[in-house]
Amino acid sequence: MRGRRLPHLATRPTWRCQSCGVAWPCSAAKLSLLGEYREKRAALVDYLMALRDEAAEQCHGTTAADLDDRFVAWARSR
């Protein structure tokens with residue numbers, strides 16, 4: 001019998017997906033977040049900016065600007 005899969009959430013302080021192990025947010029996390037915040041894109045961007053800032057604090061030598069593409073840019077309205 002297979003175990004339950006973990007949700008695609010970030011692990012701290014590595015900021016990798018606890019389910020698939022890739023840099024978070026992984027593709028599955030992005031899809032989930034887009035669905036959850038479907039009608040609230042600005043709130044999603046605010047949430048991701050807060051996580052980006054937290055990650056920058058935990059990853060020494062990394063700035064929020066360094067992490068912007070990974071954490072926030074994909075979620076901004078086009």
Side-chain angles (χ1 to χ4, degrees):
M1 184 162 86
R2 290 186 172 188
R4 290 178 33 167
R5 294 215 30 121
L6 296 171
H8 292 271
L9 301 174
T11 57
R12 291 159 175 89
T14 63
W15 291 91
R16 301 196 69 76
C17 177
Q18 71 177 0
S19 181
C20 61
V22 301
W24 192 91
C26 62
S27 295
K30 290 176 182 178
L31 287 173
S32 177
L33 287 164
L34 286 171
E36 183 177 344
Y37 287 87
R38 181 176 297 120
E39 302 297 326
K40 302 168 278 209
R41 184 63 64 100
L44 172 59
V45 170
D46 289 343
Y47 173 65
L48 293 170
M49 288 172 62
L51 293 177
R52 176 204 60 198
D53 293 345
E54 182 182 342
E57 289 177 10
Q58 294 177 0
C59 301
H60 301 289
T62 303
T63 66
D66 295 333
L67 297 172
D68 198 63
D69 283 344
R70 174 177 161 187
F71 277 82
V72 183
W74 64 269
R76 289 192 174 109
S77 296
R78 302 189 198 290

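Computed over heavy atoms, backbone and side chain alike; hydrogens, waters and symmetry mates excluded.
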Working for side chain to side chain contact (heavy atoms under 4.5 Å, CB included), residues Trp24 and Gln18: CA-CA 9 Å; Trp24 192 91; Gln18 71 177 0; over 6 Å; no
Arg16 and Thr11 side chains, donor-acceptor separation under 3.5 Å: no
Nearest non-hydrogen partners of Leu51 and Trp15, listed with the distance: O-CH2, 3.8 Å
Where His8 and Cys20 come nearest, the two heavy atoms and their spacing: ND1-SG, 3.8 Å
For the atom pair [atom1] ([X]) and [atom2] ([Y]), what is the distance rounded to the nearest 0.5 Å?
{"X": "Ser32", "Y": "Glu36", "atom1": "OG", "atom2": "CD", "answer": "6.0 Å"}
{"X": "Leu9", "Y": "Cys17", "atom1": "CG", "atom2": "SG", "answer": "7.5 Å"}
{"X": "Met49", "Y": "Leu44", "atom1": "CE", "atom2": "CG", "answer": "11.5 Å"}

Please report, to 0.1 Å, the donor-acceptor pairs under 3.5 Å made by any side chain of residues 61-69, with sequence neighbours excluded.
unit_1, atom_1, unit_2, atom_2, d
Thr62, OG1, Cys59, O, 3.4
Thr63, OG1, Ala65, N, 3.4
Thr63, OG1, Asp66, N, 3.2
Thr63, OG1, Asp66, OD1, 3.4
Thr63, OG1, Asp66, OD2, 3.1
Asp66, OD2, Thr63, N, 2.9
Asp68, OD1, Arg52, NH1, 2.7
Asp68, OD2, Arg76, NH1, 3.1

Criterion side chain to side chain contact (heavy atoms under 4.5 Å, CB included) on Leu34 and Trp74, from CA distance to verdict: CA-CA 10 Å; Leu34 286 171; Trp74 64 269; 3.7 Å; yes
